[in-house]
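Take a look at the structure set out below.
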Amino acid sequence: MAGFSRALFLLTFLLFSFSEAREILVGGKSNVWTIPSSQSQSLNQWAETSRFRIGDTLVWNYEEGKDSVLKVTKEDYEACNTENPEQRFEDGNTKVELQKPGPFYFISGAKGHCEQGQKLIVVVVTPRRRFIGISPAPSPAESEGPAVAPSSGAANLKVGFLAVVVGVMGLL
């Protein structure tokens, strides 16, 4: 019975750890928000091998007062334009939550650094959708009572998966 409890705990832990948002250190280590020494040292190389999801938080560590992180448009990223960023961070420990799917563009605010390659594109994946069937929404006349907020598909998936795991473990 102790083995069953341990297995159930492990499966539950894994289920929740895979679905929760993460804090991701940019470049995988501290103090990498610098001018890259070569193209292979570019943060975009790191970003291309990473998977980013909605809710993840990027974390930059750099020396406060000597650099900054600017969240910019694609056009400003390509032109290394530091004049009108969407957001400017200068605290040395910048955290940016990725709140929607698609690309996010970041450049250094230090003069000349972006032109020398200190920039980053992060692409957030679109969440998968599960289609069980298509049914039309009920008309307002069919609805009775107060409106109920839709439940999270991720929460339903977690509970369903947990029920299956418990059922399979019970058979063993």
Side-chain angles (χ1 to χ4, degrees), residues 5-130 150-162 165:
S5 296
R6 212 172 287 136
L8 183 59
F9 173 77
L10 180 61
L11 285 171
T12 303
F13 174 77
L14 289 173
L15 176 66
F16 285 99
S17 66
F18 284 126
S19 61
E20 298 301 317
R22 310 164 290 166
E23 276 199 1
I24 302 168
L25 190 58
V26 171
K29 53 188 172 183
S30 294
N31 300 315
V32 297
W33 189 238
T34 60
I35 298 170
S37 57
S38 69
Q39 183 61 27
S40 65
Q41 298 296 313
S42 163
L43 288 175
N44 285 334
Q45 294 284 356
W46 166 80
E48 289 172 5
T49 62
S50 302
R51 186 173 185 107
F52 303 98
R53 299 180 307 226
I54 295 172
D56 286 348
T57 299
L58 296 177
V59 179
W60 283 262
N61 290 317
Y62 54 93
E63 193 171 340
E64 182 179 359
K66 291 196 174 186
D67 208 340
S68 59
V69 176
L70 308 181
K71 182 177 178 285
V72 296
T73 64
K74 179 181 181 182
E75 293 77 20
D76 287 344
Y77 173 88
E78 291 171 349
C80 288
N81 181 3
T82 61
E83 297 301 315
N84 295 307
E86 293 175 355
Q87 291 180 289
R88 177 183 301 271
F89 305 95
E90 301 174 312
D91 61 356
N93 187 33
T94 296
K95 294 184 179 186
V96 176
E97 184 179 349
L98 305 171
Q99 298 178 338
K100 62 182 181 176
F104 287 79
Y105 302 92
F106 302 96
I107 62 175
S108 170
K111 186 170 178 74
H113 285 210
C114 177
E115 292 83 357
Q116 295 180 60
Q118 189 177 346
K119 52 205 240 175
L120 172 66
I121 301 173
V122 170
V123 179
V124 177
V125 296
T126 302
R128 288 187 175 170
R129 304 251 188 242
R130 286 183 36 212
S151 64
S152 165
N156 291 338
L157 180 62
K158 288 178 189 175
V159 172
F161 180 74
L162 188 57
V165 168

K71 side chain to R88 backbone, donor-acceptor under 3.5 Å: no
With sequence neighbours excluded, residues passing side-chain contact (heavy atoms from CB on, under 4.5 Å) with D67: W33, Y62, S108, A110, H113, Q118
Set of residues satisfying side-chain contact (heavy atoms from CB on, under 4.5 Å) with respect to N93, sequence neighbours excluded: V59, N61, K95
Pairwise side-chain contact, E75 with N81, heavy-atom cut-off 4.5 Å (strictly under): no
Side chain N44, main chain I121, donor-acceptor under 3.5 Å: yes
Validation row: K74, P103 side chains within 4.5 angstrom (heavy atoms): no
Heavy-atom pair of closest approach, residues A21 and G55: CB-O, 3.0 Å
V124 vs D56, side-chain contact (heavy atoms from CB on, under 4.5 Å): CA-CA, chis, key distance, verdict: CA-CA 9 Å; V124 177; D56 286 348; over 6 Å; no
Parallel, tilted or perpendicular: rings of F52 and W46 (30°, 60°): perpendicular
L98 vs L58, side-chain contact (heavy atoms from CB on, under 4.5 Å): CA-CA, chis, key distance, verdict: CA-CA 8 Å; L98 305 171; L58 296 177; 4.0 Å; yes
Partners meeting side-chain contact (heavy atoms from CB on, under 4.5 Å) with V96 (sequence neighbours left out): W60, F89, T94, F106
Test item: D76 side-chain N/O and T73 main-chain N/O as donor-acceptor pair under 3.5 Å: no
V125 vs R53, side-chain contact (heavy atoms from CB on, under 4.5 Å): CA-CA, chis, key distance, verdict: CA-CA 6 Å; V125 296; R53 299 180 307 226; 4.1 Å; yes
Note, I54 side chain near P127 side chain (heavy atom, < 4.5 Å): yes
Validation row: C80, T82 side chains within 4.5 angstrom (heavy atoms): no
